[in-house]
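A quick write-up on the structure given underneath.
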Amino acid sequence: MSLNRYDPTAIERKWYTYWLDNNLFAPSMGSGQEPFCIVIPPPNVTGSLHMGHAWDNTIQDILIRWARMEGRNALWIPGTDHAGIATQWMVEKALRNRGTTKEEIGREAFLKETWAFKEEAHGTIVGQLKRLGVSTDWNRERFTLDAGLSRAVRRVFVTLFEQGLIYRDLRMVNWSPGLLSAISDLEVEHRETDGHLWHFRYPLADGSGHITVATTRPETMLGDTAVAVHPDDERYRGVVGKTVKLPLVGREIPIVADDFVDPAFGTGAVKVTPGHDPNDFELGKRHDLPVITVMTEDASLNDEVPQAYRGLDRFEARKRVVADMDAAGLLEKVEPHRHALGYCQRSGQVVEPRVSTQWFVKIKPLADKAVAAVEDGRIRMVPDFQKKVFFEWMNNIQDWCISRQLWWGHRIPVWYCDACSAVIASEEDISACTQCGSDKLRMDEDVLDTWFSSGLWPFSTMGWPDDTEDLRTFYPTAVLVTGYDILFFWVARMAMLGLWFMGKEPFHEVFLHGLLRDQYGEKMSKTKGNGLDPLEMIDKYGADALRFTLAAGTVPGRDMNLPEATIEGNRNFINKIWNATRFVQGHTERLGPPPALGGVQPGRFDRWIVARLYQVAGEVRTYLDQRRLNEAYRSLYGFVWHEFCDWYVEITKPALGGEQGPQAEQAALATLHHVLAESLKLLHPAMPFVTEELWSELPGREGSIMVQPFPRPEHLPALGGAWAQDQQAAVREAQQLIDVIQTVRTVRGESNVKPRQRIDVTVVPEDGTLRGLVESEQPTVVTLAGIGELAFAERFAEREGYGHGVGHGFEVYLSLAGLIDVEAERQRIGKELEKTEARIRQLAGKLENPAFVDKAPAAVVEKSREELSALQSQLAKLNESLTQLPAN
RNA sequence: GGGCGGUUAGCUCAGCUGGCAGAGCGGCGGCUUUACAAGCCGUAGGUCACAGGUUCGAUCCCUGUACCGCCCACCA
């Protein structure tokens, strides 16, 4: 069968089904095979995947498919994350749209609702991943809330609890009034915000005057329990120990001295609200101040404040307090003030510091192990500079607040006994108190931070806490691929928990890619609506084009801009490969199946393209190994398009036309086939669908391209015959011949000679080697350069009517009588002269410098000398050519 | 307030042991060349942000400056 026009949608579904049906994504589990495992960063079941996911998964698929072709026991485990906050937020939003709330329908119904939501999102996500072509082993798919993973979560919680590394405490936490839950430090987003600094007068209780405090949060004054000044501040020396009467409230509160206060900021006196400010909370502890929480969970004022303010939202209350203070003549002044405010990442609400009882992980002991593993290289970071970022955070890490006042997630496996007040952590559900036997047990209402379960992902997905074959085979995983934006959220947690529970790092390498941006460098996001939708791009250009684009844009750690035009360009590249295959296929059908390489007598160009193929194969492997995907695919793209298609395919045309005898014909056919087939293999990890399709079209190819050996430079010597001999010479000679052809073409182009018009050419080589070379490849040179009569001369004096070109070690003269544009020619030569002269000055200067000649490596000096003399002879030729141009 | 990136062609970006600055897109000129107009041939375009330093030699290494982006951070 022969190929039609390239149409991605026509082939992609077919091959994905084929791969699944043939179970090609499962690990081979062959003994002696080196394992190579990746666990997918589980996408949130909140909706659909964006381009960032497509990027992340393309990289992983490339690494996995490559490893498979290298003969490794490759496994990629797929799965999804329940994403507690994010998912609950979406479902709550949906409920609100239906005019109800989760409280109204109750916990059980809400969870049912959320599971349904999850199922739908999951279906969408899996469908998208399949469209992208990911070769994950779907039989091993996991979900963070499934039974196995939940068991792992409980095991980890209870173990850490028993080790004293999980504790419950009354603390000031980041409270999200939008979510009605505590959130971790990492979930707080700091943003510079314009605010004000209000100066309030607090009258001294003894009537001897007032003290002025400065605050950005007037409403919290209703919860003030002190005023603080710096102990050394002369201005306030006399008032420390006195009390003030808190305006609007009437409470008498002390003036205390504390080092924390910065005398230079504001008035040097600060109101102290231990219930609503982390600093004040600490300060309050030092001075034994009462903690008054003046807000409800949704951040409106509660009954601890005077009647007039109760029930007001905190920002309403702020206005009211300022107005009332002003009315009382106690507002001294208001200054604009820009400061960083904490916002809840999910709900967007300003975080309200709030004292509450939460569960924490004492994280330092775990962090130390992770830092050590990165320091000593058990975990490698790509790019390397991310190590610094990692250490910075890990070395200043704070205890991790893991309880969330949500419903969607792993319930905290702790029971409280109302009879004996025991607190029991248990892996199994319990119905009676393990201390007193009472059945008056209450299970903790809260759930765990989502990242608590994702942190176990590299081993929970493999069946831990059971001792499974997967764990024994695939843990530690080879590489974790993700964006640098979740280094702390996820990578750090996996490193810590993996080392703690498995005793081994969860991955040998962390490969951090960047963030995707649009063509203007803006971060892609749903809210901005500037994101390219991966499915839309796949529909339009094919998954392979999208994947190749993402791969070729992958520079470790660097953000990528993704203009649609780039995807289009790469679709065109695929189209090029498609058509090259059609070309080869056409000749195969005509001439019969291609012989093996070992059975033909290769010509110079055959040896050249094969040598280049294996050079490129070496580069691709090296670059992939270094995770420099951009370089790997730049190299491959250039080879396939600009060497194989632009040159080699063109070069074979005369031979395939039978002009050079049966031997050359067979050699060309065999070489075309081989180079194409091997190129398809090199391309396969990046563009699996089209390479599989084209592979299946090549005669004599058996089985999926997925499991073919990835080409290596070492394969070249095994080809036998003349293939491995004098590769350098073949490459050098081919390049010289190409130079001759290009030089002729340039002169033709400058004089606007029609492509089909044959022109007589005289080549003036500097030595006999080149002449012999051109003569031996005359048919190729003549065809590709559009030459009529090809002649050689040692000197060529006649200029009139001739176009002149200078290449490396030769000149060409084109018989262009009547065609030559003298003025254009003069300008072109003039320009060439300038360039040559400039370079000569540069080189000569260098060589006249004794320091250079002395100190630079001999090879560099020698190279410069050679280049200089070549340029000088070129210069002479150009000058001669210029002076002999006809006057007009 | 600390820290990390970036600044290279009109645009988007490569350039990883210092030795002639590259690609894609876009531009310009020419092509119905029997795989491909999603193409082919040719071509123009750069003080590698700025200032110093190291070096025979710096886009690359060091120091500083200016912008841009990001991360972390409890000064009200």
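Fair warning: this is a prediction, and the values are worked out from it, not measured in the lab. Residue numbers start from 1 in every chain, and the chains themselves are labelled A, B, ... in the order their sequence lines are given, proteins ahead of strands.
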It should be established whether [X] places a side-chain nitrogen or oxygen under 4.0 Å from OP1 or OP2 of nucleotide [N].
X	N	answer
A:N572	B:G39	yes
A:Q386	B:C4	no
A:K846	B:C20	no
A:K387	B:C4	no
A:R634	B:A14	no
A:K271	B:A76	no
A:H808	B:C20	no
A:W641	B:A35	no
A:T746	B:U43	yes

*Atom CZ of A:R756 with >12 non-hydrogen neighbours under 6.0 angstrom*: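 Open.
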
Name the nucleic acid region contacted by [X], choosing base, sugar-phosphate or nothing; use a 4.0 angstrom heavy-atom cut-off, strictly under.
X	answer
A:N849	sugar-phosphate
A:V584	nothing
A:A264	nothing

Expressed in whole Å, how much space separates the [atom1] atoms belonging to [N] and [M]?
N	M	atom1	value
B:U32	B:A23	C1'	29 Å
B:G64	B:G6	P	16 Å
B:C28	B:G15	C1'	27 Å
B:C70	B:C75	C1'	24 Å
B:C60	B:A21	C1'	12 Å

*Which one of A:W641, A:Y623, A:F548 satisfies the ring-ring contact (aromatic ring centres under 6.0 Å, His included) criterion with A:Y633?*
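The option that passes is A:F548.
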
_With a 3.5 Å distance limit and no angle check, can you tell me whether A:R628 reaches the backbone of A:P556 through a side-chain donor-acceptor pair?_
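Such a contact is absent between A:R628 side chain and A:P556 backbone.
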
*Give a yes or no answer on whether the side chain of A:D224 reaches the backbone of A:A226 with a donor-acceptor pair at less than 3.5 Å.*
no

Does a distance-only test, which skips hydrogens and angles, find a donor-acceptor pair under 3.5 Å between the side chain of [X] and the base of [N]?
X	N	result
A:R839	B:C20	yes
A:E650	B:A35	yes
A:R5	B:A38	yes
A:K576	B:C36	yes

*Quick one: do the A:E335 and A:H196 side chains pair a donor with an acceptor below 3.5 Å?*
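Not at all, the side chains of A:E335 and A:H196 share no donor-acceptor pair under 3.5 Å.
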
*Looking at A:K863 and A:E866, does any basic side-chain N land under 4.0 Å from a carboxylate oxygen?*
no

_Worked verdict on A:R841 versus A:R839 for side chain to side chain contact (heavy atoms under 4.5 Å, CB included)_ = CA-CA 5 Å; A:R841 277 194 302 276; A:R839 180 69 186 146; over 6 Å; no

*asked:* Determine whether the aromatic ring centres of residues A:F265 and A:H337 are separated by less than 6.0 angstrom.
replied: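 Yes, they do, as the ring centres are separated by less than 6.0 Å.
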
_RNA chain B: stems of at least 3 consecutive Watson-Crick or G-U pairs whose donor-acceptor distances fall under 3.5 Å_ = B:1-7 with B:66-72, B:10-13 with B:22-25, B:27-31 with B:39-43, B:49-53 with B:61-65

